[in-house]
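Presented below is the structure to which this report refers.
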2 protein chains.
Amino acid sequence: MPAPERTSTEAIVAAGRAILEESGPASLTMQAVATRVGVRAPSLYKRVRDRDALLTAVAEAAIDELGSRLADSDSDSASGTGTGNSGADLTKLAEVYRAFAHEHPESFRLMFTASAPVDALHRASEPVLRAAAALVGEADALDAARLFTAWATGFLQMELSGVFRLGGDVGRAFDYGLRRLLAGLTA
Amino acid sequence: MPAPERTSTEAIVAAGRAILEESGPASLTMQAVATRVGVRAPSLYKRVRDRDALLTAVAEAAIDELGSRLADSDSDSASGTGTGNSGADLTKLAEVYRAFAHEHPESFRLMFTASAPVDALHRASEPVLRAAAALVGEADALDAARLFTAWATGFLQMELSGVFRLGGDVGRAFDYGLRRLLAGLTA
DNA sequence: ACCTGAACACCGTTCAAGT
DNA sequence: ACCTGAACACCGTTCAAGT
């Protein structure tokens with residue numbers, strides 16, 4: 001006999017994301033997800049291997065959303081697909097990245113914790129690679145993109161965890177870092 | 001009646017660190033720590049508020065060890081307490097930092113996860129602040145130190161999590177990033 | 001004054017039994 | 001073909017009872 005599906009993988013992942021941002025990773029339990037989706041916990045194992053796989057799926061969904069925003073911001077400023085624009089593209093990407101981290105702090109944390117979905121991260125960071133290539137050329141593009149991404153990610157993680165709370169305006173420190181970093185790339 | 005102490009906070013934290021590096025954070029349970037220390041799990045609560053406090057203490061111990069190494073490397077090269085040395089001090093600090101992360105990957109991860117002990121991190125990063133001041137002056141020292149620390153931390157986290165595994169020599173990317181970053185700071 | 005057995009609440013996961 | 005109750009193993013934590 002058939003038996004209609006009472007939920008879906010997408011609904012489960014969406015529930016996971018919502019719980020994560022509302023109540024933190026410790027509250028993201030199989031039971032909480034099941035309840036929010038209107039099903040019993042054991043049913044989740046029909047769609048998701050285990051809790052770790054669910055966390056990875058949630059991280060991947062967040063990364064994909066970030067990727068869309070980065071791609072959008074990229075197409076905004078890329079009216080002329082020219083070369084070296086003095087870092088305007090990377091500046092825009094940095095702002096979009098920071099806004100996303102502030103908007104979804106728990107998802108941002110999870111993106112680099114958990115068994116990070118490397119493929120998704122590579123997909124999402126493609127606009128950064130393109131902007132870096134425009135600034136420093138193809139030969140150094142990968143290294144430059146890694147410099148930019150590592151700085152932005154480390155900075156935002158520290159900002160969110162409160163390490164930067166003492167002393168000085170954090171926004172000013174972000175701008176300073178970005179300016180110096182771009183100066184170093186174009187030196 | 002007295003009753004001799006059968007363990008100590010230091011032994012508990014040391015056991016936690018050992019388990020963390022040997023088997024990962026999921027294996028760092030109260031029971032595992034208690035067994036390694038020769039006591040029953042409930043006894044741990046006489047010295048440690050809860051598991052979260054234990055994780056924080058383990059992170060703090062790791063940060064203190066990192067701090068010692070950074071301070072040592074600093075005193076090495078600081079034969080002349082002069083000014084701008086073209087970034088040799090920061091280069092040395094970056095190498096020590098990277099070596100520590102490779103040696104204690106799980107501790108390194110925990111340092112920026114968990115309820116990060118902000119004070120300990122500030123203590124440990126003091127050599128970075130000094131080296132940054134020597135390079136760019138007191139006025140920009142804090143922002144410069146944050147640029148350096150954010151980049152190094154983000155880079156090492158991504159390296160350890162395998163995000164950088166594809167494409168190019170990771171060590172070369174680290175050197176490139178450091179070189180460009182120093183160029184930006186001295187521009 | 002410290003340690004422990006017993007107990008409780010909670011979680012992840014499996015599986016036979018339901019429809 | 002999907003869902004569920006029941007069960008199991010495991011964990012964090014509390015506390016009265018031991019010495």
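None of these values were measured; they are calculated from a predicted model. FYI, side chains are in, hydrogens and waters are out, and symmetry mates aren't considered; it's all heavy atoms of this structure. The sequence lines fix the lettering, A, B, ..., with proteins before strands; numbering per chain opens at 1.
- Between Arg17(B) and Glu21(B) there is no salt bridge, since no side-chain N of the basic residue sits under 4.0 Å from a carboxylate O of the acidic one.
- Whole-Å rounding puts the Met30(A) CE to dT14(C) P distance at 10 Å.
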Pair Glu65(B), Arg69(B) - check salt bridge (Lys or Arg N to Asp or Glu O under 4.0 Å), show working.
CA-CA 6 Å; Glu65(B) 188 187 323; Arg69(B) 297 216 199 168; 2.8 Å; yes

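- As rounded to whole Å, 12 Å separates atom P of dC2(C) from atom CD1 of Ile12(B).
- As rounded to whole Å, 12 Å separates atom P of dC11(C) from atom OH of Tyr45(A).
- The side-chain heavy atoms of Glu106(A) and Met111(A), taken from C-beta on, include no pair separated by under 4.5 Å.
- Between Arg180(A) and Asp143(B), no side-chain nitrogen of the basic residue sits less than 4.0 Å from a carboxylate oxygen of the acidic one, so the salt-bridge criterion is not met.
- Distance from the side chain of Arg40(A) is smallest to dG5(D) among dT13(C), dG5(D), dC2(C).
- Distance Leu44(B) CG to dT14(D) C1': 14 Å, rounded to the nearest Å.
- Candidate nucleotides dG5(C), dT14(C), dC3(C) were compared by shortest atom distance to the side chain of Pro42(A), and dT14(C) ranks first.
- Contact annotation: Arg6(B) does not reach the phosphate of dC2(C) (side-chain N/O to OP1 or OP2, under 4.0 Å).
- Using a 4.0 Å heavy-atom criterion, one finds that Ser27(A) contacts no nucleic acid atom at all.
- When the C1' atom of dA7(D) is taken as reference, atom CD of Gln31(A) falls 14 Å away, rounded to whole Å.
- The Ala41(A) side chain lies nearest to dT13(C) when the options are dT13(C), dG5(D), dC3(C).
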Can Tyr97(B) and Phe108(B) be said to form a ring-ring contact (aromatic ring centres under 6.0 Å, His included), step by step?
CA-CA 10 Å; Tyr97(B) 194 29; Phe108(B) 181 79; 5.6 Å; yes

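- Listed by first residue number, the stems of DNA chain D with at least three Watson-Crick or G-U pairs below 3.5 Å are C:4-8 with D:12-16, C:12-16 with D:4-8.
- A cation-pi arrangement is present between Arg98(B) and Phe174(B), with the terminal nitrogen or guanidinium carbon under 6.0 Å from the aromatic centre and inside a 45° cone about the axis.
- Counting only heavy atoms from C-beta on, Asp50(A) has its side chain closest to dT13(C) among dC3(D), dG12(C), dT13(C).
- Rounded to a whole Å, the CD atom of Glu5(B) is 17 Å from the C1' atom of dT4(C).
- Summarising the geometry, the separation between NZ on Lys46(A) and C1' on dT4(D) is reported as 11 Å, rounded to the nearest angstrom.
- At a threshold of 4.0 angstrom between heavy atoms, the contacts of Ser43(A) include nucleobase atoms, whether or not backbone atoms are also involved.
- Counting only heavy atoms from C-beta outward, the side chains of Ser43(A) and Arg6(A) never approach each other to under 4.5 Å.
- Listed candidates were dC3(C), dC11(C), dG5(C). Nearest to the side chain of Arg47(B) is dC3(C).
- At the phosphate of dT13(C), neither OP1 nor OP2 sits under 4.0 Å from any side-chain N or O atom of Arg51(A).
- A salt bridge links Arg36(A) and Glu22(A); the closest N-O separation between the charged side-chain nitrogens and carboxylate oxygens is under 4.0 Å.
- Rounded to whole Å, the distance from CG on Leu54(B) to P on dC11(D) is 15 Å.
- When each of dT13(D), dC3(C), dC11(C) is scored by its nearest atom to the side-chain atoms of Thr29(A), the top-ranked nucleotide is dC11(C).
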